[in-house]
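Structure first, then comments.
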Amino acid sequence: MKFLVCISNVPDTTTKITFTPDNKEFNKAGVQFVINPWDEYALTRAIELKEAQGSGTVTVLNVGEADTEPNIRKALAIGADDAIRVNAAPKDAYFVAEQIAAIAKEGAYDVILMGKESIDYNGFQVHGMVGELLGIPTVAPAMKLDMSGNTATLEREIEGGKEIVEVNTPFVASCQQPMCEPRIPNMRGIMTARTKPLKVVEPTGEGARTSVAEYALPPKKQGVKLIPAESAGELIKLLRNEAKVI
């Protein structure tokens, strides 16, 4: 069984967000980047399934520039067998999906996993695009994944409950908790990751189809006004004339 796990390089959740002077790019200066937390569920579950089967491979794929390699090496330290980096900035969701689909097709992977979304853009788009480009099923968002031969049983979240589906390989799935407990690298994994293969390839396709016109931070929160309980009329007036919510 060949697993392809797609990981994103995202700012740490404690990062203070700023933009370049023209407000068209995220300012990376002084920012610590991490593996997208949702992708860690996909990576750990792929490793668990490979170990349970006693055979197979787990390949990590990242679309990014050279500065993403420390986190790719971390994924290798967690337990992936090898890695591929598409040497391009992830400009938009379609471009990323196009690169993933090309690698997946060339490598004839059985299972393509990724997090349900990246925590920087929260797009929830790439998995569906990859499945469509490859012409294979996509299950999203998956909370549980088990394999029996070439058949997978997945539990996915739906409005008001959950749904259990079965699908044959190849397929795409986006992952979220509580699929597994994400692993952290141990010392042996860190040492062996240094010698695991990391292949760099150039991008294919037409390039990004969208571009950022401008980034903007949310407006600062305004001070609150405390209205005495006996002044309901004043509260209604403020809600209507200032807050404009009634």
Verify side-chain contact (heavy atoms from CB on, under 4.5 Å) between T151 and V167, making sure each step is shown before the conclusion.
CA-CA 6 Å; T151 301; V167 61; over 6 Å; no
Between [atom1] on residue [X] and [atom2] on residue [Y], distance to nearest 0.5 Å:
X	Y	atom1	atom2	value
S148	Q53	OG	CD	9.5 Å
E40	C180	CD	SG	9.5 Å
L226	L235	CG	CG	11.0 Å
T59	Y109	OG1	OH	3.5 Å
I7	S118	CD1	OG	12.5 Å

Could you pull out all residues at least two apart from F19 that satisfy ring pair (Phe, Tyr, Trp, His ring centres under 6.0 Å)?
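Partners of F19 under the ring pair (Phe, Tyr, Trp, His ring centres under 6.0 Å) test: Y215.
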Lys/Arg-Asp/Glu bridge criterion (N-O < 4.0 Å) met for [X], [Y]:
X	Y	value
K2	D81	no
E69	R85	yes
E157	K162	no

Any side-chain heavy atom of [X] sitting closer than 4.5 Å to one from [Y]?
X	Y	value
Q176	K116	yes
W38	S8	no
T169	V111	yes
V5	V58	yes
D67	F33	no
C6	I112	yes
D82	K196	no
P185	K74	yes

If only atom types and distance count, is the side chain of [X] paired as donor or acceptor with the main-chain N or O of [Y] below 3.5 Å?
X	Y	result
T192	G189	yes
T15	P11	no
Q99	T204	yes
N36	V10	no
T20	E25	yes

Do [X] and [Y] share a hydrophobic cluster, counting only Ile, Leu, Val, Met, Phe, Trp and Tyr and linking them when any side-chain heavy atoms are less than 4.5 Å apart?
X	Y	result
Y41	L154	no
L145	I158	no
M114	I72	no
L238	I246	yes
L198	V201	no

Test side-chain contact (heavy atoms from CB on, under 4.5 Å) on I100 and F95 and set out the steps.
CA-CA 9 Å; I100 295 171; F95 174 74; over 6 Å; no
[X] atom [atom1]: more than 12 heavy-atom contacts under 6.0 Å:
X	atom1	result
E106	CD	no
I184	CD1	no
Q177	CD	yes

Would you please test R183 and I47 for side-chain contact (heavy atoms from CB on, under 4.5 Å) and show each step?
CA-CA 10 Å; R183 295 184 180 182; I47 295 168; 3.4 Å; yes
What closest approach, in Å, do G131 and T138 show between heavy atoms, and which atom pair accounts for it?
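It is CA-OG1, 3.3 Å.
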Is there a donor in the side chain of [X] and an acceptor in the side chain of [Y], or the other way round, less than 3.5 Å apart?
X	Y	result
N168	N150	no
N87	E202	yes
T210	D92	yes

Please assess D110 against F3 for the test side-chain contact (heavy atoms from CB on, under 4.5 Å), listing each intermediate value before the final yes or no.
CA-CA 6 Å; D110 301 293; F3 295 89; over 6 Å; no
Pairs in or reaching into residues 228-246: which pass side chain to side chain donor-acceptor pair (under 3.5 Å), with residues at least two apart or in two chains?
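Listed once each, the pairs are K225-E242.
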